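Quick notes on the structure that follows.
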Amino acid sequence: MKVEELKMIMEKFVASGWDLIANPAQAWLDGKGNTEALITAIKQADKECGSCGCDLDPLYKKALEILNA
């Protein structure tokens with residue numbers, strides 16, 4: 001289920017400790033998030049770090065795919 005997959009991705013973003021994505025991801029998990037702000041943060045994270053080779057790289061693209069579906 002896409003919602004469960006997205007929830008797992010958001011939990012990984014929160015666990016990263018990177019404020020750029022951790023804060024909007026936590027807000028989304030808490031039901032207080034703005035989806036547009038989350039998408040903007042994920043796009044920025046992907047731009048800054050999306051090809052560094054870390055475990056989060058493919059998650060940016062997957063999260064955007066699910067959120068934009």
Side-chain angles (χ1 to χ4, degrees):
M1 182 176 212
K2 295 290 183 187
V3 174
E4 283 302 310
E5 183 177 12
L6 187 58
K7 184 179 176 208
M8 288 189 309
I9 292 171
M10 292 304 127
E11 288 169 350
K12 288 182 182 183
F13 288 169
V14 171
S16 76
W18 186 18
D19 289 347
L20 176 65
I21 56 170
N23 294 340
Q26 185 63 61
W28 184 87
L29 286 168
D30 292 342
K32 301 173 185 169
N34 175 310
T35 302
E36 286 304 314
L38 178 61
I39 289 171
T40 299
I42 295 170
K43 285 180 179 177
Q44 183 64 34
D46 188 39
K47 182 179 176 185
E48 291 183 25
C49 177
S51 59
C52 74
C54 75
D55 291 343
L56 298 178
D57 288 353
L59 299 181
Y60 303 134
K61 287 145 186 73
K62 187 64 179 174
L64 290 171
E65 178 185 311
I66 294 169
L67 287 165
N68 289 317

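Side-chain atoms are counted along with the backbone in the values below, which use heavy atoms only and exclude waters and symmetry mates. Note that the coordinates shown come from a computational prediction; the quantities given were computed from them, not determined experimentally.
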Exercise for the section: Any chance you could measure Leu20, atom CG, to Phe13, atom CZ, to the nearest 0.5 Å? Expected result: 10.0 Å

Problem - Gap separating the CG atom of Leu29 from the CD1 atom of Ile9, nearest 0.5 angstrom - result: 11.0 Å

Problem - Shared hydrophobic cluster, Leu56 / Ile66 (ILVMFWY, side-chain heavy atoms < 4.5 Å) - result: yes

Handout entry: Gap separating the CD1 atom of Ile39 from the CG atom of Asp46, nearest 0.5 angstrom
Key = 13.0 Å

Handout entry: Minimal non-hydrogen separation, Lys7 against Trp28, with atom names
Key = CA-CZ3, 4.0 Å

Exercise for the section: Could you list the residues that satisfy side chain to side chain donor-acceptor pair (under 3.5 Å) with Asp30, not counting sequence neighbours? Expected result: Gln26

Exercise for the section: Please answer whether the main-chain N or O of Gly53 pairs with a side-chain N or O of Asp57 as donor and acceptor at a distance below 3.5 Å. Expected result: yes

Handout entry: From Leu67 atom CG to Met10 atom CE, the distance as rounded to the nearest 0.5 Å
Key = 5.5 Å

Practice task
Can you establish whether the number of heavy atoms outside Asp55 located under 6.0 Å from its atom CG is more than 12?
Solution key: no

Handout entry: Flag if over 12 foreign heavy atoms under 6.0 Å of NZ, Lys61
Key = yes

Exercise for the section: Mind checking the CD-CG spacing from Glu65 to Leu59? Nearest 0.5 Å is all I need. Expected result: 12.0 Å

Problem - Gap separating the NZ atom of Lys43 from the OH atom of Tyr60, nearest 0.5 angstrom - result: 15.5 Å

Problem - Nearest non-hydrogen partners of Ala45 and Ile21, listed with the distance - result: CB-CG2, 3.3 Å

